[in-house]
Visitor: 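This is the structure I want to talk about, given as structure tokens.
Here the structure is a predicted model, which means the values were calculated and not measured.
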Amino acid sequence: MTNFFDSLRGLGFRRGPERLFAGIAGSLAATFGVNVWLVRLLVLVSFLLPVLGVGAYLVVWILTPWQDGSIPLEQVLGGPSRP
């Protein structure tokens, strides 16, 4: 399981510093070089899809590392809080 979390950290995808809720939109905006408000709008529109929008957001939220490298799912499973 450690290899899985290490591979997530290795992607370089982190919760964005410009966050309102969980930082997913900010991170996507920084990764793709797009305006953060546009990404936030697209995320909100995706919530109109019954399960896909909110479900995908929750999965990404639980698997996306914070700026310090800690991953929420890893912490819940009792793993190290920081790499």
Side-chain angles (χ1 to χ4, degrees):
M1 198 60 135
T2 303
N3 291 335
F4 173 71
F5 292 118
D6 288 342
S7 67
L8 287 176
R9 284 186 199 92
L11 294 174
F13 188 74
R14 300 273 193 270
R15 294 172 194 264
E18 294 184 48
R19 63 178 184 249
L20 289 178
F21 180 63
I24 303 303
S27 184
L28 287 170
T31 300
F32 295 111
V34 184
N35 185 310
V36 70
W37 285 103
L38 175 63
V39 176
R40 287 177 181 145
L41 177 65
L42 293 173
V43 168
L44 287 175
V45 168
S46 77
F47 285 173
L48 297 175
L49 302 172
V51 176
L52 183 64
V54 175
Y57 189 86
L58 291 175
V59 168
V60 171
W61 180 82
I62 201 162
L63 293 176
T64 303
W66 292 97
Q67 292 292 323
D68 65 359
S70 62
I71 300 173
L73 180 61
E74 185 178 30
Q75 293 175 351
V76 167
L77 296 176
S81 60
R82 293 184 184 202

Visitor: Yes or no on side chain to side chain contact (heavy atoms under 4.5 Å, CB included) for Leu63 and Phe4, after CA distance, side-chain angles and deciding distance?
Guide: CA-CA 10 Å; Leu63 293 176; Phe4 173 71; 4.0 Å; yes
Visitor: Tell me whether Leu41 is reachable from Trp61 by hopping between hydrophobic residues (I, L, V, M, F, W, Y) whose side-chain heavy atoms are closer than 4.5 Å.
Guide: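 No, no single cluster joins them.
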Visitor: For a quick test of reading the model, state the closest non-hydrogen atom pair linking Ser70 to Gln75 and the distance between them.
Guide: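 The pair with the smallest heavy-atom distance is CB-NE2, 3.2 Å.
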Visitor: Roughly how far, to the nearest 0.5 Å, is the CZ atom of Phe32 from the OG atom of Ser27?
Guide: 9.0 Å
Visitor: Nearest heavy-atom pair of Arg14 and Arg9: which atoms, and what distance?
Guide: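 Of all heavy-atom pairs spanning Arg14 and Arg9, the closest is NH1-O, 3.2 Å.
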Visitor: Name the one of Thr64, Val76, Leu8 that satisfies side chain to side chain contact (heavy atoms under 4.5 Å, CB included) with Ile71?
Guide: Leu8
Visitor: Can you get from Phe47 to Leu28 by hopping between Ile, Leu, Val, Met, Phe, Trp and Tyr side chains that sit under 4.5 Å apart?
Guide: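 Shared cluster, yes.
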Visitor: Using the rule that two of Ile, Leu, Val, Met, Phe, Trp, Tyr join whenever any of their side-chain heavy atoms come within less than 4.5 Å, decide whether Leu42 and Leu48 are in one cluster.
Guide: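 No, no single cluster joins them.
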Visitor: If I compare all heavy atoms of Ala25 with all of Val39, which pair ends up nearest, and what's the gap?
Guide: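 In this case the closest contact between Ala25 and Val39 is O-CG1, 3.5 Å.
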Visitor: Do Trp66 and Pro72 have side chains that approach each other closer than 4.5 Å (heavy atoms only, starting at C-beta)?
Guide: yes
Visitor: Treating Ile, Leu, Val, Met, Phe, Trp and Tyr as nodes and any side-chain heavy-atom pair under 4.5 angstrom as an edge, say whether Trp37 and Val45 lie in one connected cluster.
Guide: no
